[in-house]
Each structure stands twice: as C-alpha cells, then as structure tokens.
Amino acid sequence: MIFSFVGKKENTKLIRGTVELTLDGCIKHIQIRGDFFIYPEDALEYIEKSLEGSSLSDVARRFSWALEECGAEALGINGEALQIILQEAFHSQDKPAKEGR
Amino acid sequence: MSYQFRLIIDTLHDAFYNMGMDLALLESVRQRKTLPTLRLYGWKPQAVSIGYFQGIEEEVDIPACESRGISVVRRLTGGGAVFHDQEVTYSIVIPLDHPLASYSIQESYAVLCQGIIKALEKLNIRATFVPINDIVCEGKKISGNAQTRKQGGLLQHGTLLLSVNVDLMFELLKVPQEKARGRHIQEVKERVTALDVLLGRPVSFREAQEVLTEGFAEALNLQFKQEEPQQNEIEEAYKLARTFFSSSEWNFKRR
C-alpha cells in the first residue's frame, strides 16, 4: 500500500511525503519532504532508513532515536507530528488494511 | 570588540550562479582563505528557489516558470519555496568556531536576523523575528531566512522584499491547503509585504544594499572590508552552477 501524507501541526512546518507499507502495516519505504530544517541535511536519509520496518505507532520513537543517533537537530519537524500526520493519512485511505503493531 | 568581515556588494545573477557563489563562499570561509563574508545580491532572470527537503513538482508550477523564463533551483538550505523577484538577498558565511556561530541553530537565526531588523529600523520600519526563520512587520512576512552548517562553516541566506507581485508569486508557487489552513488564497496572499508597501515609495536595490550593510554592521558589530569575490570563487561558482545547481539530478531529487 502506497500513499501520500501531508500536514502541518503546532510548532511544525509543512510535513509531507510518500510512504509504502508492507501487508502487515509496517513501513517498507518512506520519503519525507517539506519546508522544515534538519542539520546536517543528509541526516534525513538516515532517519528515513531507520523508519523502515517500523509500525506507524512507533514512528515518533524511532524518529527521535534516529535523530539522536546521528547527532542531528531538527526545526519544524518532530517524530510526534510525523506520526500523527502519517496515521491521519493512513486512516483516510479507503483500503481496509490494518495498522501493524 | 568588532568582527572583521568581508563585504561583497554584488549585482544581479542567475539562480544557479547565485547558489554556486554561496557554496563557493562557504568553502573559502571554512578553509580560512578569506574573512567571514556578507554578500548582498539579486536575481536575473527571476527565479524560484526551493528548500533542500522539498519536492520541486509539489512546490512549483514548472510549466508556468518555463513559459515565463523563470529559473528554478534547489537550495543547499532547508525552508520553503521562494519567488526571487524584486528583492535583495543576503548571504552571511561564518566559520563554525567564530563567536557569531557559537549559538544553537535556533538562537543563531535570531541573532543573524538582527542584521535585517536593524536595516529595517533604518528605514523607520519596526520588524520582529518570528521563529523559526521569518521576519515580520505589521503581522506580515517581509523576509525569509535559511541556514545550513557544513564541514566547519555556517551559511545563512535570506531575502528582503523591495516589492512583491503576489499574483505572480502564487501563480508560480503551489500553496498546499494544509498551509493555508482553510484560509482563502487572498488571505494567504495578504500575509506577505514589501518595502514599497510599507514605506509608500519605491526602494532601490542600491538603497536596500546600503541599509543592509549598515544594519548587519551595527547589529552584529561587524567591521567591513569591501572586496570583489576572488577569481577562484567566481570560477568555482560558475563551475557549481554548470555542473551541480542546474542539474536535474540535484533539482529533481526527493520526488
């Protein structure tokens, strides 16, 4: 299942992207885009890679872990907001897939 | 104590050269081949720049830009899409061990943006810094700013709008509904302002360069030595423009 997500939460910039989920609802591939800032910039690719295999309900924790792991700093994006935006986009899909745990 | 800075009063250049020169300056400064640098420049032809993390086709109406001869370039820095038309753009480049770079990233936006706020003050315009990266006057944005830190150097660049054609801006940029948050497009358009609107008179490129020079000098305690870019920086900027910033691989990544 592949779908797009987009949203803007309190204290964030616009967060958008595309995610592919496995049959059991885990992230197979994700690309995050938007007008936020991450320092250093190439840390985002590491964060995206770190989210592979994650359930949508574990995105916030994995995002924070990956950010810390590569010593990066984010402004205008955080794991909690990303998780909510992803979950909202997932639930707005028509398909009856279930979110993995 | 004041800090010795190089001042480059530049002219109008194309988008790819402008981004190439900013990167060339970052390389020079971090290698200590030159003083920390403030560069003031413009854009010809008009251009749209997108943030490092944005998808070009999501943010920009490419056919509309092409039909008007407007270039589109991805920046080294994060942040949003910007239509560069009647404005002065600054770039400030500082080694990371410089006292002006000793702040946290969020704090350093606030510190470096004081240069623009002071410049506006010289025009009798009261403006404030609004985190993360904006300068706002009478509730409307007049300057956007973006920073990157790479290999020992800090580059922050940003705009000061002389005049703004909001209809053209919003024809070229795609504003997502989520950003408009239910507001009508007219309300979104009204959130941007420019010097000519605030002052009721046109402000020239040269005048804006002068107040920005004074504003940065006073706000950040800089002592300028005005110079042209070094020959190797110019050559590097053209090379980066040709081989990197104008490449589809760079501009169409993250799609």
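Per chain, numbering begins at 1; letters A, B, ... match sequence-line order.
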Engaged part of A:Leu75 at the chain B interface, taking heavy atoms whose separation is under 4.5 Å: both

Any chance CD of B:Glu138 has more than 12 other-residue heavy atoms, nucleotides or ligands included, within less than 6.0 Å? no

Taking the six-membered ring for Trp and the full ring for Phe, Tyr or His, determine whether the centres of B:Phe129 and B:Tyr109 are under 6.0 Å apart. no

Does any heavy atom of chain A fall under 4.5 Å from the side chain of B:Ala146, the backbone, both, or neither of them? both

Under 4.0 Å between a side-chain nitrogen and a carboxylate oxygen: does that hold for A:Glu41 and B:Lys150? yes

Under the ring pair (Phe, Tyr, Trp, His ring centres under 6.0 Å) rule, collect the residues that match up with B:Tyr17, sequence neighbours excluded. B:His13, B:Tyr238

Taking side chain as C-beta onward, heavy atoms only, is B:Ile70 less than 4.5 Å from B:Phe83? yes

Who wins among B:Ala81, B:Gly79, B:Gly55 for the most heavy-atom pairs under 4.5 Å with chain A? B:Gly79

Test salt bridge (Lys or Arg N to Asp or Glu O under 4.0 Å) applied to B:Asp85 - qualifying residues, sequence neighbours left out: none

For residues 59-70 of chain A, pull every pair meeting side chain to side chain donor-acceptor pair (under 3.5 Å), keeping only residues two or more places apart or in separate chains. A:Asp58-A:Arg61

Could A:Lys13 and A:Asp35 be called an ion pair, given the rule that one side-chain N must be under 4.0 Å from one carboxylate O? no

Considering only heavy atoms, which portion of B:Ile50 lies under 4.5 Å from any heavy atom of chain A: side chain, backbone, both, or neither? neither

What residues of residues 96-107 of chain B sit under 4.5 Å from chain A when only non-hydrogen atoms are counted? B:Ile105, B:Gln106

